Every structure is written in C-alpha cells, then in structure tokens.
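All of these numbers come straight from a predicted model, not from anything done at the bench. Start at 1 and go down the list; that is how both ligands and their atoms are numbered.
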Amino acid sequence: MVETDVAPVKPVEINQKWCKGCGICVLFCRQEALALNEEGRAVLAHPERCNRCALCEDLCPDFALEVLARSPGQERPGDSGSLKSADLAPRLADRPAKPAAAEPEPAGLPKLQLERYLRRAKMPHLWCPGCGNGLVTHALLKAVHQLALDQNKTVVVAGIGCAGRAAGYLDFDTLHTTHGRALAFATGVKLARPELTVIVLMGDGDAAAIGGNHLIHAARRNIDLTAVVFNNSIYGMTGGQYSPLTPTARRGTTAPYGNIERPFDLPALVQGAGGTYVARATTYHSRLLTDLIKGGLQHRGFALIEAVTYCPTAFGRQNKTGSPADALRWQREHAMNVQAYRRLAHDERRDRFPVGLLYCGEAPEYTEASGAIAT
Ligand code: SF4
C-alpha cells in the first residue's frame, strides 16, 4: 500500500453556533454518520460512513451544515436542474457575482458556501428549532447562488410574520414592510428600477389574506416579480390563528373546533388572476423547490412559488402533527409530481397535492408596458 501525507477530505462542515439542535439531519441521514453531542448540536460522528448524499444539508433549517468535496458522481439531482430551467430565458445568467463581503471571520468557525448571502451578525436566526422557514430560505439562497445573481442588483421585499423575518438575515438590499403590503412595495421598486431582480417573501396569511388583493393585482399586471409564499398553514408569529390556506378541519386559536372553511388553492388563484409562472414544492423536496425558484427568477413576468412548509410550534402543537421530522415525512408521503397527480381520478386525489411547475405562460410584462409609455 502506498502511503500519502494528504489529509482525508472532511465530508461535512458544521457551524455549531448556528445549529439549533432540531435533529432533522441526524434522523434523515441514511448512513447514520451524524449525531447530536451533549449540548444537543449536530456533529459528524462517523465521517467514514458519509457518502455525501447531502440530504442533511438540504434539510438543515439553520444554514449550519454543508457537504464538501462532492464528486461528479455524487452531484445532487437539483444541481443540474431537474425542471430544465434552461428552457426558460436565462436573462440573468451573464450577471457577475459579487465578491464575498469583507467581514471579520468569527474565530474557529467554518466558512460555509452560502454564508456570503447572510448577515452573519444576525445569526443564529430566531425561528423555532426545526422551523421550515429556514428550509425555504435555504432553497432561495441556493437558487440565487446557482444563478450567480448579483447581490447588489437583487432586492428582497418581505411582509410581516415569521416568514417576513427572512429578509433581515439576507445580505441584499432588503425591505421589511407592513402586513400584506410586500407586493405593493415590490411593485414600486420594480417600476422605479426595472433592471433589478426583485424577490418577495410572504407567509400564507400575509399573501392570501391581508395581502390577497395585492397578490391578485400583481398577478393580473404580470409584473416581473418572484414571489415565494411560505405556506405553513397558520399565522405563527401572531398567535396561531387560521389563515386562508389552513386546511379544512385543522385547528387554530381562532378555529378551536377545526376550520370550517375551504383553503385557497394559491397557484390556481394566481394563475386565474393572470400570473404567468406558478409552481409548488415542499420543504422536504428542497432541490425541487430550489429549481422552481430558479425558474421563477428566470421567468419574465409574475412568478409565484408556493413553498409548502410547516410550523411545529403554533400549528404543530394545536394539531398534534409531531416533530419537525414528522412534518417532513408527511410532506414526502402526500406530495405528488404534478404529471402523476393529473392522471389520478378525482377520488384518488384525496390527501394528495401536486408539486412541480403547475403553469408557465406568456403575457405582456407590466414594467415594459409602462416603460414604453415613458419613452
Ligand atoms: Fe416557525 Fe412557527 Fe416558530 Fe414561527 S412560530 S418561527 S413559523 S415554528
């Protein structure tokens, strides 16, 4: 045997100061390579078992974990774009990436790839351990990274609520606006500076109740915004009230006997209102979610991506949905590829919901039309 002095490549890097100890990575690691230490933080207990599948990275809601040195044969499906995003006009592909911000490195912490997009001074985030909001935000950052968007030309606008706090963690130009008004602010930004990429982050109540009117009119105008709705089926931050996306019979503090209303089908609503790109994915299917957000960012017109997530605290406790890992398993078992879903008979669709690119069309874009008047 030939001996070398080359150190073995560490397969996984973990930022333990950001890890909130939800244990999702440990539970989903098929190789049993990870464990929680005495402080409840994730550690790579058996590096020799790791096959770099990166499921732990995809399902870490704390931006705390990254798989390193992935070989070509171990590339994740999402990296190559399972939705064939290249079919959509890659109008942003030639934008140069901004160099990493020159911030002092916290002593002893690993530098993870996506940290350049985060305001590190504000980490760890304030979301509850295991909350799906971190997973949606993580998918968004991967989409931005894979498209090499210029941080100086990307604006993130968010509303109020747990999801809205995401804007505070992202190192772009960000606006944290009033409840339900994120799309109104974003419309103003886009009209003033059409060359900017504008991303809008909203929760389900923010987007579909308080901001419902702004949502349908942004869709009707087909203005070039990418809206990501964090649908956790409840108002988490304000006390667990039911929202227009809470499923029938599920409980909230304002529906203690179960919700008697039917929820909106948000993608169908936006498509009907005139939106030209509508998609849905879950936090479990994070690579699909990243691909769909990438497709939305590359689409010219109003794009809505419904990210089906979960709130283990306000929704989970009232509805006894179990741990964050249980919520992810539920998503895995109930979400279905849209093509397969459409082949099901009506009765067979019960308890299932479609994920994927649900609709993509063309229509005049609003800032182009307004720009034509101005010139
Ligand atoms: Fe997440 Fe719910 Fe906690 Fe808000 S209340 S941070 S949505 S788990």
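The residue among C128, P324, P61 with a heavy atom at the shortest distance from atom 3 (Fe) of ligand 1 is C128.
Of the protein's non-hydrogen atoms, C131 SG, 2.3 Å is the one closest to atom 1 (Fe) of ligand 1. Of the protein's heavy atoms, C162 SG, 2.3 Å lies nearest to atom 4 (Fe) of ligand 1. Protein heavy atom nearest atom 7 (S) of ligand 1, with residue, atom name and distance: N232 ND2, 3.3 Å. Of the protein's heavy atoms, P312 CD, 3.3 Å lies nearest to atom 8 (S) of ligand 1.
Because the distance cut-off is set at 2.8 Å, C311 qualifies as a neighbour of atom 2 (Fe) of ligand 1 through one of its N, O or S atoms.
The backbone N or O of A363 lies less than 3.5 Å from a partner atom in the side chain of N222, making a donor-acceptor pair. Judged by distance alone, the side chain of S323 and the main-chain N or O of D326 form a donor-acceptor pair under 3.5 Å. At distances below 3.5 Å, at least one donor-acceptor pair connects side-chain atoms of T253 with backbone N or O atoms of G240. A side-chain donor-acceptor contact under 3.5 Å links R251 to the backbone of P256.
Of all atoms in ligand 1, listed by their number and element, those nearer than 4.0 Å to a heavy atom of N133 are 1 (Fe), 7 (S).
Cation-pi geometry between R119 and Y169 is not met at under 6.0 angstrom from the ring centre and within 45 degrees of the axis. By the 6.0 Å and 45° rule, R349 stacks over the aromatic ring of Y341.
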